[in-house]
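The structure appears below as structure tokens.
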Amino acid sequence: MNRFTKAAVVAIALMTTAAPLAAQAQSRDRDHREQRRDDRRDYRSERRDDRRDYRQDHRNDRRDYRDDRRDDRRDYRNDRRNDRRDWRQDRRASYRDWNGPRQGQWYAPGRGYYNVEPRYYGHRWARGGYLPPAYRGYYVDDYYRYGLNRPPHGYRYVYANDDILLVALTSGLIAGVFSNLF
């Protein structure tokens, strides 16, 4: 055998073994690429699911927060209604010495009766009038029990006979009259 034949036989032998190895390497490479592609798809779908879950959880949190606030508002309104209905029952001690109207006197809950000048007995207070200084000290401390809002700065609620007056502290100007509250 000459050299040329030997080289041809070796080349044929190498080709017969190398071709399947190359094909196998290509298929392995293709499998590896497909596997990586599948992994990327799985990763993207997992991220998508995570985002969807996050949005759903966030939505549920907002819904729960709104429901809680709604319940709180309902409870607050019910408490306010009950306070307005039962304010006299809760203040029995304040009205312990109440025996009805007395001639020449006014009644302030928790303070009792106090004398009034005859010209003010049965007087109808009007907005824009002035409350005399002698009667400005009978403040209403629990105005919320009467269903009244917090007085503005510089004003106080004052008992005057069966009325509650909103009075300016410095001048005695009557800014509001709430009649027959007790």
Side-chain angles (χ1 to χ4, degrees), residues 43-182:
Y43 177 71
R44 279 195 305 258
S45 71
E46 287 174 5
R47 285 193 57 210
R48 188 177 309 122
D49 292 343
D50 288 345
R51 284 192 307 263
R52 195 174 294 139
D53 291 343
Y54 174 76
R55 282 194 306 261
Q56 190 67 29
D57 289 345
H58 193 64
R59 217 175 276 139
N60 289 338
D61 290 346
R62 283 189 310 232
R63 193 172 294 134
D64 292 343
Y65 177 73
R66 281 194 308 261
D67 290 344
D68 290 345
R69 292 224 17 220
R70 187 177 303 124
D71 291 342
D72 290 345
R73 283 193 307 265
R74 280 188 195 126
D75 291 344
Y76 177 75
R77 280 195 305 259
N78 288 337
D79 289 347
R80 292 276 301 193
R81 281 187 200 121
N82 292 338
D83 282 348
R84 276 188 239 129
R85 281 187 214 130
D86 301 336
W87 66 268
R88 195 173 275 170
Q89 291 175 359
D90 293 342
R91 300 186 43 193
R92 286 188 185 122
S94 299
Y95 284 90
R96 185 179 354 199
D97 53 347
W98 168 254
N99 294 320
R102 294 182 183 174
Q103 186 64 32
Q105 293 183 332
W106 288 347
Y107 182 76
R111 295 188 175 95
Y113 289 95
Y114 58 98
N115 293 327
V116 179
E117 292 180 37
R119 64 182 169 169
Y120 293 116
Y121 188 74
H123 184 74
R124 287 278 143 218
W125 300 102
R127 188 173 175 193
Y130 288 90
L131 184 67
Y135 308 116
R136 292 183 199 162
Y138 297 96
Y139 297 131
V140 178
D141 295 325
D142 53 351
Y143 46 84
Y144 60 91
R145 294 220 184 241
Y146 297 103
L148 301 172
N149 294 326
R150 183 183 183 107
H153 183 70
Y155 288 84
R156 290 292 295 258
Y157 290 110
V158 177
Y159 292 108
N161 201 12
D162 288 341
D163 304 332
I164 293 180
L165 308 175
L166 179 61
V167 177
L169 291 174
T170 55
S171 64
L173 177 68
I174 300 172
V177 178
F178 305 94
S179 299
N180 301 320
L181 290 179
F182 59 94

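Rounding to the nearest 0.5 angstrom, the gap separating the CG atom in Asp142 from the CG atom in Leu148 is 9.5 Å.
Arg47 pairs by the side chain to side chain contact (heavy atoms under 4.5 Å, CB included) definition with Tyr43, Arg51, not counting sequence neighbours.
More than 12 heavy atoms of other residues, nucleotides or ligands sit less than 6.0 Å from atom CZ of Phe178. When the shell of 6.0 Å around CZ of Arg62 is examined, it contains more than 12 heavy atoms from other residues, nucleotides or ligands.
A salt bridge between Asp67 and Arg70 is present, with a side-chain N of the basic residue lying under 4.0 Å from a carboxylate O of the acidic one.
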Side-chain atoms of residues 125-141: list all donor-acceptor pairs with protein atoms under 3.5 Å, sequence neighbours left out, distances to 0.1 Å.
from	atom 1	to	atom 2	distance (Å)
Arg127	NE	Ala175	O	3.0
Tyr135	OH	Glu117	N	3.0
Arg136	NE	Leu131	O	2.9
Arg136	NH2	Leu131	O	3.0
Arg136	NH2	Ser171	O	3.1
Asp141	OD1	Arg156	NH2	3.3

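Ring-plane geometry between Tyr157 and Tyr143 is classed as tilted, the angle between the planes lying from 30 to 60 degrees on a 0 to 90 degree scale.
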